[in-house]
Amino acid sequence: MPLVTSKEMFKRAYEGQYAIGAFNVNNMEIIQGIVDAAKEEKAPLILQVSAGARKYAKHIYLMKLVEAAVEDSGLPICLHLDHGDDFEICKSCIDGGFTSVMIDGSKHPFEENIELTRRVVEYAHERGVTVEAELGRLAGVEDAVKVNSKDATYTDPDEAVEFVERTGCDSLAIAIGTSHGAFKFKGEPSLDFARLEKISKMLPNYPLVLHGASTVLPEFVAKCNEFGGQLAGAQGVPESMLLQAGKFGVCKINIDTDLRLAMTASIREHFVKNPGDFDPRQYLKPARAAIQGMVQHKIKNVLNCSGRL
Ligand code: G3H
Ligand code: 13P
Ligand code: ZN
């Protein structure tokens with residue numbers, strides 16, 4: 001079974017009104033934990049790699065690890081570039097074997113975003129690779145990008161239609177109030193569902209993508225804090241809101257922060273309980289199991305994609 005694109009996965013997700021989890025990967029244990037979860041749940045899967053992850057682990061290592069995961073699990077996995085911010089990184093990932101890329105031109109003015117996205121789409125489609133683009137800007141922090149809430153802008157539905165028509169992108173990431181990282185809302189969580197519904201009605205049969213969709217489960221925040229973390233005030237998107245999003249054309253839900261929290265809580269706990277340990281396998285084994293548990297929880301309770309292989 002080779003790596004697959006997102007095309008068929010999204011078609012089925014749209015029809016079935018569920019979403020596929022796109023999980024960020026940085027090393028072997030994270031990949032193994034996620035893939036074990038998808039295998040157990042018989043769920044479709046997207047593994048995504050950010051520019052920061054490529055810098056940390058190197059493209060070739062992540063590529064080979066994901067190829068090993070495909071061979072070992074027999075699962076149809078889509079390997080996706082997360083937040084590619086220029087043509088060169090998208091080209092490098094396409095040439096280097098990824099089956100899907102995101103060109104994130106959301107920081108550029110509308111016309112420039114269209115031009116950049118169209119260029120990537122042309123290169124990718126000639127090589128059988130699918131393209132996600134972004135319109136509107138999420139707040140929050142990633143390795144490469146930091147967007148203040150005052151600079152965040154929600155996606156305009158009319159612009160979304162024009163953008164998709166003029167670029168030919170295969171899926172569109174929209175901004176409706178989610179944000180990257182562990183501190184998503186200051187007060188009550190709220191997402192602009194009226195906007196999402198409008199966009200999905202104006203773009204029928206078209207897959208939308210939700211970034212910044214970690215739920216930041218209170219028990220993991222509590223566990224991190226119990227074992228020395230400092231995450232007071234962390235808050236994610238409620239699970240009920242994400243489940244609702246799947247009914248409005250959202251076919252891909254991005255999750256990174258929740259994996260970081262699960263892994264870090266596990267490692268913190270290990271060292272508090274075993275201060276004398278210095279064998280990486282002793283703390284990475286439970287950390288990998290914590291990732292698997294988190295991903296199975298997402299597949300069942302947030303994505304609704306268990307058994308959809
Ligand atoms: O949205 C971005 C992902 O969480 C990746 O984060 O850029 O720190 O690898 P990163
Ligand atoms: P979270 O920070 O909510 O996990 O979002 C991840 C993401 O959008 C990756 O592109
Ligand atoms: Zn993102």
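Just the heavy atoms: all of them, side chains too, but no hydrogens, waters or symmetry mates, feed the values below. In listed order, ligands and their atoms are each counted from 1. The structure displayed is predicted, hence computed values, not measured ones.
Side chain to side chain, Lys223 and Asn225 fail the donor-acceptor criterion of an N or O pair below 3.5 Å. In this model, no donor atom of one side chain and acceptor atom of the other lie less than 3.5 Å apart for Asp277 and Gln282.
Using cut-offs of 30° and 60° on the angle between ring planes, the pair Tyr283 and Phe271 is tilted. Ring planes of Phe98 and His59: parallel class, angle under 30° (limits at 30 and 60°).
The shortest heavy-atom distance from Arg260 to ligand 2 is not under 4.0 Å. Contact annotation: Arg260 has at least one heavy atom less than 4.0 Å from an atom of ligand 1. At least one heavy atom of Gln48 sits less than 4.0 Å from an atom of ligand 2.
Each of the following atoms of ligand 1 lies closer than 4.0 Å to a heavy atom of Asn24: 3 (C), 5 (C). Residue contact check: Asp256 has heavy atoms under 4.0 Å from atoms 3 (C), 4 (O), 5 (C), 6 (O) of ligand 1. For ligand 1 and Asp82, the ligand atoms under 4.0 Å from any heavy atom of the residue are 1 (O), 2 (C), 3 (C). Near Ser50, meaning under 4.0 Å from one of its heavy atoms, ligand 1 places the atoms 5 (C), 7 (O), 9 (O), 10 (P).
Lys11 meets the side chain to side chain contact (heavy atoms under 4.5 Å, CB included) test with Glu8, Glu15; sequence neighbours excluded. Arg281 pairs by the side chain to side chain contact (heavy atoms under 4.5 Å, CB included) definition with Asp279, not counting sequence neighbours.
Closest heavy-atom approach to atom 3 (O) of ligand 2 among the candidates His211, Lys252, Lys184: Lys184. Relative to atom 10 (O) of ligand 2, the option among Leu138, Val237, Asp82 with the closest non-hydrogen atom is Asp82.
Atom-to-atom distance recorded for Cys305:SG and Met9:CE is 9.5 Å, nearest 0.5 angstrom.
Inclusion of Gly181 in the set of residues having an N or O under 3.5 Å from an N or O of ligand 2 is warranted. Distances between N or O atoms of Asp258 and those of ligand 2 include no value under 3.5 Å.
Among heteroatoms of the N, O or S kind in His83, NE2 lies nearest the Zn ion (ligand 3). Of all N, O or S atoms in His211, the one lying closest to the Zn ion (ligand 3) is ND1.
Proximity of His83 to ligand 1, defined as any heavy-atom pair under 4.0 Å, is confined to the side chain (atoms from C-beta onward).
Between Tyr206 and Tyr14, the ring center distance fails the sub-6.0 Å criterion.
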